[in-house]
Enquirer: 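Take a look at this one; I'll ask things after.
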Amino acid sequence: MEDKLKIGDKELDSRLFIGTGKFADYSLIPKVIESSKAQVVTVALRRVDFGTPEENMLTFLSQNIVLMPNTSGARNASEAIRIARIARAAGCGNWVKIEIINDQKYLLPNNFETIKAIEVLAKDGFIVLPYMSPDLTAAKMMAEAGAAAIMPLGAPIGTNRGLKTRELIQILISEINLPIIVDAGIGRPSEAAEAIEMGAAAVLVNTAIATADDPVLMAEAFGQAVDAGRKAYLAGPGATHQFAEASSPLTGFLRNE
Amino acid sequence: MLVTINGKKSDVIPDSNIQDVIRTKNLEMTAIIIDLNGNIIAPEHWSDTFLHKDDDLEIIQIIGGG
């Protein structure tokens with residue numbers, strides 16, 4: 001069955017996007033990508049720390065992966081725009097995850113500055129995927145500004161708490177004519193399956209995989225959960241009822257009525 | 001000569017080019033991105049791009065992130 005996720009100029013088979021932060025060892029990342037079958041991977045940009053320079057993440061990623069650099073560290077639209085342009089110039093391609101955060105306790109995104117950044121970057125040829133607080137008006141403005149998908153949070157970043165914003169995400173799925181990708185908060189494969197089952201186009205998972213005891217096995221579980229959720233969505237779940245509806249015949253053939 | 005490197009005032013030898021600075025910092029050339037005063041400088045121009053007083057140099061790398 002042909003069931004591709006189209007975003008920008010790409011057609012994807014996998015609906016699991018993977019973040020590369022928090023891994024104890026970068027050498028785990030190629031194995032995680034392989035076991036999950038993910039095709040889109042986020043990376044971040046940082047100033048080099050001359051005391052302890054980190055390894056170059058790109059050397060761990062194969063050429064056919066779609067890179068989605070994020071703008072983490074940006075506090076406003078202009079910082080996000082600058083980070084996006086640096087990432088593109090550095091060979092990360094034209095996808096960008098806008099992430100603009102002013103709140104250090106919950107790391108909730110600034111939807112207003114995000115809309116401004118989308119306007120500029122979409123006009124500049126970027127495929128823009130904004131991380132956002134699930135709000136219908138903001139999502140509509142992001143769509144109008146040229147976003148290629150909308151990425152509402154399920155719960156605050158890194159919390160592994162699941163789909164706490166479920167009702168609001170459901171509204172975005174029904175009202176916004178763009179892929180809705182649940183980004184942040186998903187802690188377990190069952191929650192990823194739930195998001196896809198209710199019509200989310202994809203999920204972005206990082207902490208849940210990176211902090212698992214066995215990240216490679218957890219990545220595989222997430223890949224399978226997302227596939228199962230998508231099949232269930234396409235299959236169309238049956239209606240729910242308040243009272244029991246017999247699945248077997250109830251005629252009493254061993255007794256007299 | 002004072003320039004700003006990654007947000008900190010740094011003293012560099014006058015007439016230094018970007019490649020000289022990278023060398024003194026012992027950085028791996030293939031792993032970094034150079035932004036000088038808001039413009040990305042391609043690696044082939046690191047040796048012919050010279051620093052001037054008060055330049056703002058950012059040396060950036062790509063790391064893991066979500």
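Because only heavy atoms are used, hydrogens play no part in the values below, and waters and symmetry mates are left out as well, while side chains stay in. To find a chain, count down the sequence lines: A is the first, B the second, and so on, and within it residues start at 1.
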Enquirer: Name the region of A:K22, side chain, backbone, both or neither, that has any atom closer than 4.5 Å to a heavy atom of chain B.
Expert: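 Interface part for A:K22: neither.
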Enquirer: Taking all non-hydrogen atoms of both residues, which atom of B:I40 and which atom of A:A89 are closest, and how far apart?
Expert: CG1-CB, 3.4 Å
Enquirer: Run the numbers on B:I60 and A:V48 for side chain to side chain contact (heavy atoms under 4.5 Å, CB included), then give the verdict.
Expert: CA-CA 5 Å; B:I60 297 158; A:V48 171; 5.8 Å; no
Enquirer: On a heavy-atom basis, which atom in A:N206 and which in B:G66 lie closest, and how many Å separate them?
Expert: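 For A:N206 and B:G66, the tightest heavy-atom pair comes out as ND2-CA, 3.1 Å.
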Enquirer: Calculate, to the nearest 0.5 Å, the distance between atoms CG and CD1 belonging to A:L58 and B:I63 respectively.
Expert: 11.5 Å
Enquirer: Rounded to the nearest 0.5 Å, what separation is found between the CD1 atom of A:I86 and the CG atom of B:N39?
Expert: 10.0 Å
Enquirer: Quick check on salt bridge (Lys or Arg N to Asp or Glu O under 4.0 Å): which of A:R85, A:R47, A:R82 does B:D35 satisfy it with?
Expert: A:R82
Enquirer: In terms of heavy-atom contacts, does CZ of B:F50 have more than 12 from other residues, nucleotides or ligands at under 6.0 Å?
Expert: yes
Enquirer: Can you establish whether the number of heavy atoms outside B:K8 located under 6.0 Å from its atom NZ is more than 12?
Expert: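 It does not: B:K8 NZ has 12 such atoms or fewer within range.
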Enquirer: Hey, which of A:A44, A:G19, A:G21 has the most heavy atom pairs under 4.5 Å with chain B?
Expert: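 Maximum pair count with chain B is reached by A:A44.
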Enquirer: Verify the neighbour count for atom CG of B:D48: are there more than 12 heavy atoms of other residues, nucleotides or ligands below 6.0 Å?
Expert: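 Count over threshold, so yes.
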Enquirer: Enter the distance from B:Q61:CD to A:L45:CG here, rounded to the nearest 0.5 Å.
Expert: 9.0 Å
Enquirer: Tell me whether B:I13 at atom CD1 has more than 12 heavy atoms from other residues, nucleotides or ligands lying less than 6.0 Å away.
Expert: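 Result for CD1/B:I13: open.
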Enquirer: Is chain A contacted by the side chain of B:I33, its backbone, both, or neither, given a heavy-atom distance below 4.5 Å?
Expert: side chain
Enquirer: Got a second to check how far B:N6's CG is from A:F50's CZ, nearest 0.5 Å?
Expert: 4.5 Å
Enquirer: Does any backbone or side-chain atom of A:Y26 lie under 4.5 Å from a heavy atom of chain B? Answer side chain, backbone, both or neither.
Expert: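 Just its side chain gets close to chain B.
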Enquirer: Where is the tightest heavy-atom contact between A:C92 and B:I62, given as atom of each residue plus distance?
Expert: SG-CD1, 3.4 Å
